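Accompanying notes for the structure given below.
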2 protein chains.
Amino acid sequence: MSLWRTIADHLRDDIARGHHAPGERLPSEAALAARFGVNRHTVRQALAALSDEGLVWSRRGAGVFVQAAPTDYPLGGRTVQFHRAIALAGRMPGRQIDFVATRTADAVEAEALALPPGAQVHVAEGVSLVDGQPVAMFRSVFPAEWLPALPDGLRETGSITAALDRCGVPAFRRAHTRITARVADATRAARLQARPGDALIRTEAVNVTPDGTPVERGLSWWLAARITLTVTPEGGGSDP
Amino acid sequence: MSLWRTIADHLRDDIARGHHAPGERLPSEAALAARFGVNRHTVRQALAALSDEGLVWSRRGAGVFVQAAPTDYPLGGRTVQFHRAIALAGRMPGRQIDFVATRTADAVEAEALALPPGAQVHVAEGVSLVDGQPVAMFRSVFPAEWLPALPDGLRETGSITAALDRCGVPAFRRAHTRITARVADATRAARLQARPGDALIRTEAVNVTPDGTPVERGLSWWLAARITLTVTPEGGGSDP
DNA sequence: CGATATTTGTTCGTATGTATC
DNA sequence: GGATACATACGAACAAATATC
């Protein structure tokens, strides 16, 4: 067996045993090379393998870190809201709204919200955080006509749910979610404090009031390394 | 505005208007260069932009093709089975089982199937197709002890559902699905007739019998460009 | 704040063992 | 056996980002 595989196995074992805690920095490549008595390249190849497995990640100039376990975010259940779902998983949710504006809807947005072409929508963009680390960037659009106070609400509360509540929409449910994936470009990677080429999960969701009127179309790009989406049917029917 | 952007916009428009149908080949780069009166490099830059957007894709020596619209595959509903879900969407499903074997379960598999450590499992690997094009590769593991005839069934029927039916498991439902994403490496890209660096959606699903006993743990890598996963709550509860 | 040391990322080059045709 | 390709391993140097003082 090759040297670098042996070293990778050794490190994988160390991490599994809790010798290096999630989020912590590994010894430097030079230190590991000295410890194993090999060239730095050989250590790098082992680390690259672990990085491919998603077990560690590196930041130039800073070091190699043990990847924290990705947070679960349930899609299917009743807890539509990001804050509550993450808090239930025992993590600290956060949301940061960077941009609020009002403009005319494009064709896709109008169709999703069941609006006539050319209708006005509020747009909110920002980043979702778990334990202070960005896990997703989002853009939400809302029908402007019957939610005139929404932009102020968003700016003041920093929360979509709270802002909708203020506008007289206390309850909503998810009509559907569409999931696809992309590779991060430089812009998105920077926004998520990740690297270009990282895998992103893209979700497009439409939330509706209890009577079925669309209130929000949310587009999110999730950093796949930091989050796992889960679907658990709560109704749970059998399937012949 | 730069020349290549203008050309990219032009081509995007042509595609949107249906001038080039999904799946069809675009004119060669040389032909496009002649048509727009520019150098081939300029056309290539425009095509690269469209390729980044996922609108077209190229195969060396073959040409540039308009990306077919991704198929929807519902995750949450009652139609767990790939065949039926794709057929319902009006496309032609296919499945190809490349490999069937029996071995001892690893720790993750044993836990997912609620088996004791070291238990035997059947493993099936293959590729899922839509309209003859690969959209996913999968690996399924099944508890071997109470499904002794499964490998033969898989080899003879080529269908997981049919093989399970033969083994006395006529019905099952999805207990949960976990979704994450990766970037395709060379091996997976080749298997999916895609390119390294393409985005993949990875799902891990556990199917259980009506009484809750796990029968299958399925791992799938979906080519994001060719499929969209959807989640539509059929129970549909409100969420305050 | 700026200077400096540390650390990862990248690119040369060289050499060796192994598998394949 | 010869020719070739490939993976592995080591060495040196530099670039770029980060940490530290």
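Below, chain A is the first sequence line, B the second, and so on; all start at residue 1. Computed from a prediction, not measured in an experiment: that's the story for all the values here.
Distance A/Trp4 CH2 to D/dA7 C1': 10 Å, rounded to the nearest Å. Spacing between atom CG of A/Leu32 and atom C1' of C/dT6 amounts to 15 Å, rounded to whole angstrom units. Regarding A/Arg59, its CZ atom lies at a distance of 9 Å from the C1' atom of D/dA17, rounded to whole Å. The nearest whole Å value for the distance from the CZ atom in A/Arg5 to the C1' atom in D/dA9 is 14 Å. In this structure, CD of A/Glu29 is placed 14 Å from C1' of D/dT18, rounded to the nearest angstrom.
A cation-pi arrangement is not found for B/Arg182 relative to B/Trp221, the charged atom failing to lie both closer than 6.0 Å to the ring centre and inside a 45° cone about the ring normal.
Side-chain N/O atoms of A/Arg25 include none lying less than 4.0 angstrom from OP1 or OP2 on D/dA19. The side chain of A/Ser58 places no N or O atom within less than 4.0 Å of a non-bridging phosphate oxygen (OP1 or OP2) of C/dT7.
For the residue pair B/Thr230 / A/Arg178, no side-chain donor-acceptor distance below 3.5 Å is found, with atom types taken as modelled. Between the side chains of B/Thr104 and B/Gln120, no donor-acceptor pair of N or O atoms lies under 3.5 Å.
In this structure, the separation between OG1 on A/Thr228 and CG on A/Asp72 is 5.5 Å, given to the nearest 0.5 Å.
DNA chain C lies under 4.0 Å from at least one heavy atom of each of the following residues of residues 33-49 of chain A: A/Arg40, A/His41, A/Arg44.
Among the nucleotides D/dA19, D/dA17, D/dA9, the one closest to any side-chain atom of A/Arg60 is D/dA17.
For the side chain to side chain contact (heavy atoms under 4.5 Å, CB included) criterion with B/Arg95, the lone passing option out of B/Ile86, B/Ile160, B/Leu129 is B/Ile160.
The side chain to side chain contact (heavy atoms under 4.5 Å, CB included) check on A/Glu109 picks up A/Arg103, A/Ala105, A/Asp106, A/Val121, A/Val141, A/Arg217, with sequence neighbours excluded.
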